[in-house]
Amino acid sequence: MILPPFVYIFISFICFFTAIILPLFVSSQRLLISITYTLSAIASLITAAIGAWVVASGFVGSVIIPVGLPDLPFHLRFDPLAGFFLTVIGLLSFFVSIYSIGYLKGFIGKRPVTSLVIFYNLFIAGMFLVVLADDALFFMIVWEAMALSSYFLVMFEDEKAENRRAAFLYLVVAHIGAIAILLSFGVMAGLTTGIESQDSSVNLASYTFESMRHTQFSEGWATAAFLLAFFGFAAKAGVVPLHVWLPEAHPVAPSNVSALMSGVMLKTAIYGIIRVTFDLLRVFPWWWGAVVLIFGLISTIMGVLYALMQHDLKKLLAYHSVENIGIILIGIGLALIFTSFHMPILAALALIAGLYHTLNHAMFKGLLFMGAGAVLHSTHERNMEEMGGLIHKMPWTAALFLIGCVSISALPPFNGFVSEWLIFQAFLLSPSLHSPLLNLLIPLGAAILALAAALAAACFVKAFGVTFLGHWRGHRNPPLHPPFYKGGKGGLEVDWFMRTGMILAAFTCLILGILPTMFLEWMDVLSETLVGGRISTTAGAFGWLWLTPVSHERASYSGVIVFGVILLVVAVTYLLLHARRTSIHRTPLWDCGFEKITHRMQYNATSFSMPIRRIFGFLFNVKEQVRIKQTQRHPAFPERLHYHLRIRDRFWNWIYQPISDLSFWVSRKVGRLQQGRIQVYLVYSFITIIVLLLFFR
Amino acid sequence: MNLAAQINSVMAALILLTSFGLLVQRRMYALLHIFAWQGLFLSISTAIVGYVSGTHHLYISSVLTLVLKVILLPYILHILIIRLQIHKEVETTINVPTTMLIGIALVIFSYHLTSPIRELSTLVTRSTIAVALATVMLGLLMMITRKHAVTQIIGFLSMENGLFFAATSATYGMPLVVELGVGLDILIAAFIFGIFFFQIRTTFDGLDVDQMAKLKEED
C-alpha cells in the first residue's frame, strides 16, 4: 500500500531527477541555474513539509521498492526521527537553493556550472534518502551517493591544488568512516541472523533495520557495533580528532555547498548515531554515553579554540561546525547516560536539547556560510585581514550575518541560546549518579560548555568586527559594482535571491529563538519514541510564553519577553541619542600624536585573537616570526617590519602524519614485489603452487 | 595388457626425457624438434591408453594431438622463427646444471605427491600420473628460466602436454568435447602468440621479455 507521505516524497524526487537530467536539454547556463534551483527549492520545501507533518502526527509507515538485491529490496521508512531530519535538511536546502540562484550567477562566464547543478541536486536527494533508508544496503548506497556527490562539489574549482588536496582528504576520511559503518551494520546483521544460520535469504533479510529492531544483542557485540558506528559517523561529523578534513573541504567548496555540508550533511551523521544507539541497539551501558560525552566536550573546546586562530572566514566557520557538532554530541551523550540510569525525563531533556541544537545549528550555520559566501561573491576574498568596513557596502548582508553571529554565540533572543541553555539545564539538573567518573565529568562538562560558549562569542565578535566594521584593510580596493565606483552605501550588496535566502534563514533563527515552547511540543514525539519520556508537559506548563524544562522553580526562559525588552532598550537608546541633533559630534580621531595612520594599522583578526593565543598556545603548533628590515641610519628606526604567523593543527602531526608515513612505507615495501620481469611473476605462481600442493594435498 | 602398460610406461619415460631435453636445449630449432617428439610420444601413449581401456574417442584425441602438436604447431613456430630470424642460441637465466637439479627435485616431489593416488587407483596408467605432473612443473620451470618469448611459449605448450597426459593417465581422458575445445584453444593461442611476437618485436626491437621490465613504474 502506498501511503500519502510517500506520494509527496515521490513528487519531490521527480523534481530532483528533472533537475539532474535537465542539463542535457538546456544549454543556456543562466536559464539552467534558474530552473534547476527553483526545482530543488520546491522539492526541498515539499520534503520539509512532509517531515514536519510526520513529526507532528507521529506517523510511522514503510514502503518497499522492488529494486536492489534479489532477496533484499530497498526499504524506506517514515518515522518521527526521520521526519525531524527531513525537516532540518529540507528547510535549509530550501533557503540555500534560493540563495544559489544568485550565488551561481557569479560563475557565469568564468566556468561552466553544469557539474555543480547536477551534483548539488544529487547531494540533497542523497541526504533525504539517507534519512529515509530502512535497510543497511540502501543506507550505504545513498550514504555513498551523498559522500561522492559532495566530493565532486568540493572539487568544483579543480584547477587549484588546494581544492584537489582538500577533496581527496575528504574522500579518504569519508570512506574510512563508511567502512566502519558497514562493519557495524555487518555485526548487527550477523547477530540478528545468528552466526550459525546458513540460509541465505534469512541472512539478507537481517540487513533490514526492522529485523535489527527486534533483536536482543549481547552486550559485547553490541559494544563492537556501537564503537564501529560511532567511529564511522564521527568521521563524517568531524568529531575531534577526525575533524581534519572539515576545515580543508568547507572553505574551498562553493559557498552554497559549504552551507549545506556544514549545516545539514554533518547532521546526517548525528542522525546515524541516534538511529543506531536509540533505535537499533536500544539497550546500552552508561559508559557509551560517557564516550560520546567526552568526544563531544573535546570537539567543543578544540573546535572553538581552533576557530579563534583562523583568519579565513570560511575556515573559521568550518571549525565552528566542529564545535557545534560537539555540543550536539554532549546532548546525545547525556541522553545516553540518563537512559541507561533509567531517568526518562532527563534523557528526554538532553536528547531534545541536542536535536533542537541540530535544527538551530543548521539554520544559523547555513545563514553564516551564506553570508560568508555573499562576502566572497562580492569581494572575491576569504581572508578577513583583507576586509573591513563592509557594513557600509553590504548593509543587508552585514545585518543578516550579525543575526547569525548572535545566534551561534548563544545570545538571546535567537535560537542558539535556547538549545545551549537546555543543554545546560540537562547538566545542572542531573542528580548524583552511581559512577564517580560521571559525577566528575558532568560538572566539568558544564564548565567546558560555558567556556566554549564564551569563546565562541569572542570568536564572532572578531569575525563580524574584522569583516564588517572599521575600514577596508585590503591591499587592493574593493571591486565595487558599476554605479558605485565612487563609493557610497551598498556598493557591494548581493542580489535579491541571495538576500532572500539569508533573510528566510535569519527569520527562522528568530522564530526558533522566541517561540521554543511550540517547537519543543512539536518535537515531543521524538523523545517519547526514542527514550520514553516527554518534556512538553513540564516545559510548556506555563503556556507558549514561558519555557520551563522539568520544573519552573529551577529555571524558566521567555524568548518573547527577552526579545521585547531588547527591542525596547534599543529603541529607547536610539531615541535618546538621536532625538537631539547635538548629542552626536563627529570629530577627527585622536591619533596619539602619530600622524600617518593608515587603514592597515587597524585592529585585525590576528591581533584580536592574540590574548587567547597566549593562553592556549600550547594546544597549537604556533610558529611566530618577526623580521625587521634595517635601514642605514639606526637600529631604532627600522624601515619595515614583517610579521609571519603560522598555526597548525597538532592532530595532524600526532595522528595523521604517522599513519600516512606508515602507509607510504608499507606501499614501498610491497612495491618491491613488482619486479616488472615476467619470470619473477612466474616464480611467484610456481612457488604458490608448490606450497599449496605440499600443504593441502 | 601387461605389455601395453609397459609400453605406456616407456612412453611416459620418453615424455619426461623430452621435458628435460626442453629444459637444457639452447638452440631454437632443436627445441622445436624436441617439442614435436614430445607430442608424438604423447599421441602414441594416448592411442595405447585408448586401446587398453576400450574408450575409442581417445583415438580421435590421439590423432588430434598428432596433427596439432606434432605437425601444425611446430610448423607455425618454425615459420615464426624464420620470419623473425631468431634461430640463434637462447639465453637462460639460471645455468643448466642448476635447472636440471631443480627439475630432478620436482620429479621426486611429484612422485611423493601422487603416491596416495597410486595406492588407491586401479587404472593401468596409474604409475604415469607422477610423470604427467612432473611434466607440468617442468614446463613451468622452463617458462621461468628462459628469457626469450618463443621459448616461453614452448614451455607453455609443454605444460599443456603435461596436463593432457595427466588427464589420460588419471581418468582415461577427458570427454571428447572438452578435448576438442582445448585443441582449438591451443591453436588460437598459437595464432595470438604469433601476432604478439610481431608486436613485441616492433615495440621493443627484440623478443627478450626482460625488456618488459621497462614498463615498470620507476620509484
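Every chain is numbered from 1 and lettered A, B, ... according to where its sequence line falls, protein lines coming before strand lines.
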TODO: Could you tell me which residues satisfy salt bridge (charged side-chain N to carboxylate O under 4.0 Å, His left out) with A/Arg165, sequence neighbours excluded, listed by chain and number?
DONE: A/Glu248
Task: Close side-chain approach of A/Leu694 and B/Leu113, heavy atoms under 4.5 Å - done: no
Open item on the list: Surrounding CZ of B/Phe156 (heavy atoms of other residues, nucleotides or ligands, distance under 6.0 Å), is the total greater than 12?
Closed with: no
Open item on the list: When you compare the side chain of B/Ile144 with that of A/Tyr681, does any pair of heavy atoms fall below 4.5 Å?
Closed with: no
Task: Residues, nucleotides or ligands: over 12 heavy atoms within 6.0 Å of A/Arg111 CZ - done: yes
Donor-acceptor contacts, no H, no angles, side chain residues 168-175 of chain A, under 3.5 Å, sequence neighbours left out:
{"from": "A/Tyr170", "atom 1": "OH", "to": "A/Ser150", "atom 2": "OG", "distance (Å)": "2.6"}
{"from": "A/Tyr170", "atom 1": "OH", "to": "A/Lys236", "atom 2": "NZ", "distance (Å)": "3.1"}
{"from": "A/His175", "atom 1": "ND1", "to": "A/Leu171", "atom 2": "O", "distance (Å)": "2.9"}
{"from": "A/His175", "atom 1": "NE2", "to": "A/Glu144", "atom 2": "OE1", "distance (Å)": "2.6"}

- [ ] Rounded to the nearest 0.5 Å, what's the gap from CE on B/Met137 to CZ on A/Phe686? Could you check?
- [x] 6.5 Å
TODO: Kindly say whether B/Arg146 contributes a backbone atom to a donor-acceptor pair with the side chain of A/Gln679 at under 3.5 angstrom?
DONE: yes
Task: Side chain, backbone, both or neither of A/Ile690 within contact of chain B (heavy atoms, under 4.5 Å) - done: both
Task: A/Leu693 and B/His112, any side-chain heavy atoms less than 4.5 Å apart - done: no
Open item on the list: Taking atom OH as the centre, does A/Tyr684 end up with more than 12 heavy-atom neighbours from other residues, nucleotides or ligands that are less than 6.0 angstrom away?
Closed with: yes
